[in-house]
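Everything on this sheet refers to the single structure shown next.
Note on naming: letters A, B, ... go to the chains in the order of the sequence lines (proteins, then strands), and numbering restarts at 1 for each one.
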Amino acid sequence: MTAAMPNFLPVAPEIFVFSMACVILLVDLFLSDARRGVTYLLTQLTLIGAAVLTVKGMSAAAVMTFNGMFVGDALANVLKLAIYGVTFFGFAYSRDYLRERGMYRGEYFVLGLFGVVGMMVMASASHFLTLYLGLELLSLCVYAMVALQRDSGQSTEAAMKYFVLGAMASGLLLYGMSMLYGMTGSLEISAVRKAIEGLSADNVILVFGLVFVVVGIAFKLGAVPFHMWVPDVYHGAPTAVTVYLGTAPKLAAFALVMRLLVGGLEGLAVSWQSMLIILAILSMAAGNVIAIAQDNIKRMLAYSSISHMGFFLLGIVSVSQNGYSSALFYVVVYAVMSLGAFGMVILLSRAGFEAERLDDFKGLNQRSPWHAFLMLLVMISMAGVPPTFGFYAKLLVIQSVINAGMIWLAIVAVLLAVIGAFYYLRVIKLMYFDDADDKAPLGGPADVRVLMGINALALVLLIPWVGVLMEVCRAAIRALAVA
Amino acid sequence: MDFKQLAFYFFAAVLVFAASMVITVRNPVRAALFLVLAFFSAAAVWMQLHAEFLSITLVLVYVGAVMVLFLFVVMMLDINLVRLREGFGEYLPIGGLVAVLLVLEMAIVLGSGPFGIEQMPEPAPLPADYSNTRALGRVLYTQYLYPFEIAALILLVAIVAAIALTMRRRKDSKYQNPGKQIQVQRGDRVRLVKMRAEKKS
């Protein structure tokens, strides 16, 4: 029996990142602590190289390879580019934080890169098996990264909780997939889609499998009532890891939702629509209300991420091309905002001091007006105040919900977003109207300050090009529908 | 009921019994041993499904390697059994109720219709020289190459993570430097001290 050689070209970015991660793993072995910067530079170069490869490999039509296990379409490319960008910034923010805490070792970057490979695999999965393996690859890296600060009881506890709940979620997801396989006879997403068209939408076993799949996805997204791990993990993990796990994996989770629910199971949309509505409303309500009671900024941002995940699910709920593309836009904007917020938490931390409490943001304006301004931009964008990207993202999602004829849902979403605005504005109040306890001016290396500036200003200055970005998202979603 | 069915029910019953013993038995060593029994019965069930390779691998890898390692760890750790059991009885009624309900619901949904036994005709018997292993190897390195490679990557990550989380270079640990040992001169180790012979008093 002979097998045709698969086309390796579309997988070039994955292969590149993986090989570079192995190279970095070896190079790091021979570096002294003083020259650890080489590891960091190589890591960042890897991400840039992967971006170049992805851009070069882009083609108008979707490319399938490895016997339909891998698909390179516009959605995958957009998500991958966003993942590289977000991770690049995240690594840059983390560098000093890691060095000051004795965690500046190759493992952080290597595990981070392996996690990126996992996310890339998920972004271009066209088979349940690859989707699941990508998810496991990502999760394993993140579990280890959370526990990387070995002597901290808090991190270990967070990693333990994350690991146990994550393993359970994977089990649920797999069980759901096995049910779908039992009914449709295939694991290939396009074949599953075709098989479901031939069955009735209220087939008991299909819905049974779907429930497990949705629960698994909700666990991974951190949507209420499967959100218990989010605040503990965000809080317990070293902030350098929180900035990693609070940003790029959300994009991968979007890929999970799109590939599974929309790509494979759109025939069951009637069933998952109502499930997602419940998840979305609960997430927005619980996330926004509980965030108000937090005095730890990492916990507050964790609850805020729960509410944002609820909001993004609204875009999926509308079951339309417009809805999906607005959800994609929302997730990308959320990743950038979250990056900015956690980046600022890192910037405020120093050796032996974690700027975790909200009080640490008191009087930031007196210490550094520029940074206070950047944080202001991030916060109003998260709250959804015009003229920021956060506002447009929320607007587009709400629009798609209204177009789908669910006006009540749009009203609920807006009301809950208004409640959420309270705690974002509280941060602004603390920064501008309260006196600083600690008047030391803000430090931080020059490149991080520049990147931080780009990160936050992008939320406002890129507004004239919002149409272009929307069009990119639309094209990405259209590609999925064609495939 | 022919012999095949009898064997299946026997192994399945042992499997369920062993699995429930794993989580209820008091002693962790016994729990590990029950897990071995569970793996054996599962391997026997797989054997009946004509999956000889997987079944033998299960015994070799899990029973032979993983469980032995596991037993070592369990025996080396000083586990406080009382604390381990804390809260088990407390959550048992509600947890058990939920579990029983879930099993019943799943049985109702899955027990009928498309998963019924009459829907699955017995596959045609395979020739005597049919090699399960060869068939697996063929698809593993052709059709399933991509997932296979990702699985390998996951194992690599597991190694990296395990080492990153457990390896510590202790400052006070003593180790030898062979280069220095070879280059050592007599003068480094022995110091000749001239002393005047002591007088007898």
Side-chain angles (χ1 to χ4, degrees), chain A residues 1-6 11 14-15 18 21-22 25 65-70 103 105-108 110-111 114-115 117-118 121 125 127-134 136-145 147-148 150-151 156 159 175 179 182-183 187 199 203-209 211, chain B residues 19 23 84 87 91 95 98-99 101-117 119-121 123 130-131 133-171:
Chain A
M1 188 175 107
T2 53
M5 196 70 172
V11 204
E14 275 88 349
I15 296 176
F18 166 63
C22 291
L25 193 62
T65 183
F66 286 112
N67 300 75
M69 302 262 170
F70 177 97
M103 291 160 61
R105 294 178 299 156
E107 285 90 355
Y108 172 82
V110 170
L111 287 173
F114 282 140
V117 177
V121 169
H127 197 274
F128 282 169
L129 200 55
T130 32
L131 197 58
Y132 173 73
L133 284 171
E136 278 306 281
L137 182 54
L138 168 65
S139 311
L140 266 179
C141 292
V142 178
Y143 301 147
M145 284 167 84
L148 214 51
R150 292 175 302 194
D151 299 320
T156 315
Y175 189 68
M179 286 299 130
M183 268 325 280
L187 284 172
L199 296 160
N203 183 308
V204 178
I205 291 177
L206 277 183
V207 176
F208 182 75
V211 172
Chain B
I23 53 170
L84 211 61
Y91 299 117
V98 171
L101 274 179
L102 253 179
V103 168
L104 282 181
E105 283 172 359
M106 279 157 69
I108 291 170
V109 171
L110 302 178
S112 61
F115 289 160
I117 191 93
Q119 299 281 341
M120 307 277 171
Y130 180 78
S131 167
T133 319
R134 183 175 300 159
L136 262 179
R138 272 193 178 147
V139 291
L140 207 54
Y141 291 100
T142 53
Q143 199 185 347
Y144 291 93
L145 178 67
Y146 185 54
F148 183 72
E149 294 297 330
I150 301 171
L153 182 50
I154 290 178
L155 290 183
L156 177 66
V157 167
I159 297 171
V160 172
I163 293 174
L165 292 182
T166 53
M167 199 184 77
R168 289 162 191 264
R169 191 157 294 149
R170 285 175 50 176
K171 284 199 185 74

* Asked: Among A:Val11, A:Val204, A:Val121, who wins on heavy-atom pairs under 4.5 Å with chain B?
  -> A:Val121
* Structure fact -> Sorted by chain and residue number, the salt bridge (Lys or Arg N to Asp or Glu O under 4.0 Å) partners of A:Glu136 (sequence neighbours excluded) come out as none
* **Minimum heavy-atom distance between B:Gln143 and A:Met69, given as atom pair plus value** => O-CE, 3.6 Å
* Considering all heavy atoms of both residues, which atom of B:Leu145 and which atom of A:Pro6 are nearest to each other, and what is their separation? -> CD2-CG, 4.2 Å
* To do: Rounded to the nearest 0.5 Å, what's the gap from CG on A:Asn67 to OG1 on B:Thr142? Could you check?
  => 6.5 Å
* **Side-chain heavy-atom pair A:Tyr175, B:Met106 within 4.5 angstrom cut-off** => yes
* Region of A:Met145 that comes under 4.5 Å of a non-hydrogen atom in chain B -> neither
* To do: Provide the closest heavy-atom pair for A:Arg150 versus B:Ala164 in the form atom of the first, atom of the second, distance.
  => NH1-O, 3.3 Å
* **Side-chain heavy atoms of A:Glu107 within contact of B:Ile163, under 4.5 Å** => no
* Asked: Would a 4.5 Å heavy-atom cut-off, applied to side chains only, mark A:Leu133 and B:Tyr146 as touching?
  -> no
* Heavy-atom proximity to chain B below 4.5 Å, by part of A:Phe18 -> side chain
* Asked: Is chain B contacted by the side chain of A:Leu111, its backbone, both, or neither, given a heavy-atom distance below 4.5 Å?
  -> side chain
* Nearest non-hydrogen partners of B:Leu165 and A:Ala144, listed with the distance -> CD2-O, 3.8 Å
* Tell me, side chain or backbone of A:Leu148 under 4.5 Å from chain B's heavy atoms, or both, or neither? -> both
* To do: Only counting residues at least two apart or in another chain, list the ones meeting side-chain hydrogen bond (donor to acceptor under 3.5 Å, both in side chains) with A:Tyr132.
  => none
* When rounded to the nearest 0.5 angstrom, what distance separates CD1 in B:Ile154 from OG in A:Ser139? -> 9.0 Å
